[in-house]
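These numbers come from the heavy atoms of this one structure, side chains and all, not from hydrogens, waters or symmetry mates. What you see is a predicted model; the values in this text were computed from it and never measured. Numbered from 1 within each chain, the chains take letters A, B, ... in sequence-line order.
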Amino acid sequence: MATDSWALAVDEQEAAAESLSNLHLKEEKIRPDANGAVVKTNANEEKTDEEEKEDRAAQSLLNKLIRSNLVDNTNQVEVLQRDPNSPLYSVKSFEELRLKPQLLQGVYAMGFNRPSKIQENALPLMLAEPSQNLIAQSQSGTGKTAAFVLAMLSQVEPANRYPQCLCLSPTYELALQTGKVIEQMGKFYPELKLAYAVRGNKLERGQKISEQIVIGTPGTVLDWCSKLKFIDPKKIKVFVLDEADVMIATQGHQDQSIRIQRMLPRNCQMLLFSATFEDSVWKFAQKVVPDPNIIKLKREEETLDTIKQYYVLCSNRDEKFQALCNLYGAITIAQAMIFCHTRKTASWLAAELSKEGHQVALLSGEMMVEQRAAVIERFRKGKEKVLVTTNVCARGIDVEQVSVVINFDLPVDKDGNPDNETYLHRIGRTGRFGKRGLAVNMVDSKHSMSILSRIQEHFNKKIERLDTDDLDEIEKIAN
DNA sequence: AAAAAAT
């Protein structure tokens, strides 16, 4: 599909998407050989250096976005079927799914050879006829995004020029990231288009959306479905909630998500995906999703094993800042994310670090969407090594080179209690794909020390003290 | 407290 036919939020994405789509301007034939390995052949073998360079650039951007081809047989999968009498069904290859050829082509073009563990189990359930609902929990980096994107693409009828699949993301940045995966995997459908229902993407009044798939954030999607009537919700066949626990938690986007859900037809397929589901949210999920199939992939301990966790003891915010400055040299060996509790602290911290001569980027919800898109793009490309941010980037954002996460403020909920889910999501920005990661928690009071202890108890994992005056130790950790 | 909104 042509890049310019997509409804994109801002020019920044257009440029990025264009560099991705250049990858496949040439006709490509993809087929598995006798051993199941994928063989790619270009119809036109001749490529200029310039094209090769573009290919490599696009591929590396892609690799940063998508790494779900992880096959890890140590994972324990728990499957609970809606109909316990139907046979338990899982696939070991994408061929077994009988996907449309254009879709299979898209899957292989992304470099996926075999389904990941979650995909093996979730795909047959999601593709079964008549359609069934699914609640799936599995760790970041295990292929959730590709799984539900595949489910949407296999149900869509490109000939019908109206939205049929709807996907909700909790933040603007995540919607863009997931959108790129949809574009990539669906690129061999010539007629297929994707619309971004995100802040700042304004359309003319009174028109209807012709794009077959819509990805967006809850506020805009709700407007498009109800007040503005850009989308006819009654025609939606597949409804996906990414990071589903925040989307339906009282403290998250519950109101809007549920209002959208109520507009959908009774037989609409509902797919809920997240890495974490806190108990009460899990119960609520099963209440709002009729007759759900359930898949859980246990991997929590493993993730925490690949991430070294430390804390730095300080007595106030300025000491935290000093400690952070001591760490700066070590954390910039690769890329780092620094999380603050409020937008105000984040912008203060970014400014202070800049004054000290450290280059940092700032990303928070108070910035304009164009600016946010530009910053996340620079961070993805590695042009920015350190990102100071809020919980807006706690979930889903996938940048491969991030090896350090710093909690300048520990994650707490509105009552000031430890927010274990957010903690796991934040430190999960590093140590992805089985890589080693480092998490440093800044403690500045008795109160925050007690929050850290409770987080430590919850995960039953020792968080060791780190002395930032001891540079040898810092060097040791960073390497 | 953050995020999400064409209010």
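Using a 4.0 Å heavy-atom distance criterion, A/Leu222 is classed as making no nucleic acid contact. Within the nucleic acid shown, A/Arg372 comes within 4.0 Å of sugar-phosphate atoms alone, with no base atom in reach, counting heavy atoms only. Residue contacts shown for A/Phe339 are absent, as no nucleic acid heavy atom lies under 4.0 Å away.
The list of ring pair (Phe, Tyr, Trp, His ring centres under 6.0 Å) pairs with a residue in residues 206-236 of chain A, not counting sequence neighbours, reads A/Trp224-A/Phe230. Applying the ring pair (Phe, Tyr, Trp, His ring centres under 6.0 Å) definition to pairs two or more places apart or across chains, those involving residues 243-273 of chain A are A/Phe148-A/Phe273.
Nearest-nucleotide positions on DNA chain B place A/Gly365 closer to the 5' end than the other of A/Gly365 and A/Leu203.
In the 5' to 3' direction, nucleotides of DNA chain B lying under 4.0 Å from heavy atoms of chain A begin and end at B/dA1 to B/dA6.
Screening A/Val412, A/Leu410, A/Asn441 for a side chain to side chain contact (heavy atoms under 4.5 Å, CB included) involving A/Ser448 leaves a single residue, A/Leu410.
A cation-pi arrangement is absent between A/Arg343 and A/Trp348, since the terminal nitrogen or guanidinium carbon is not both under 6.0 Å from the aromatic centre and inside a 45° cone about the axis. With A/Trp282 as the aromatic partner, A/Lys287 does not meet the cation-pi criteria of under 6.0 angstrom to the ring centre and within 45 degrees of the ring axis. By the 6.0 Å and 45° rule, A/Lys208 does not stack over the aromatic ring of A/Tyr162.
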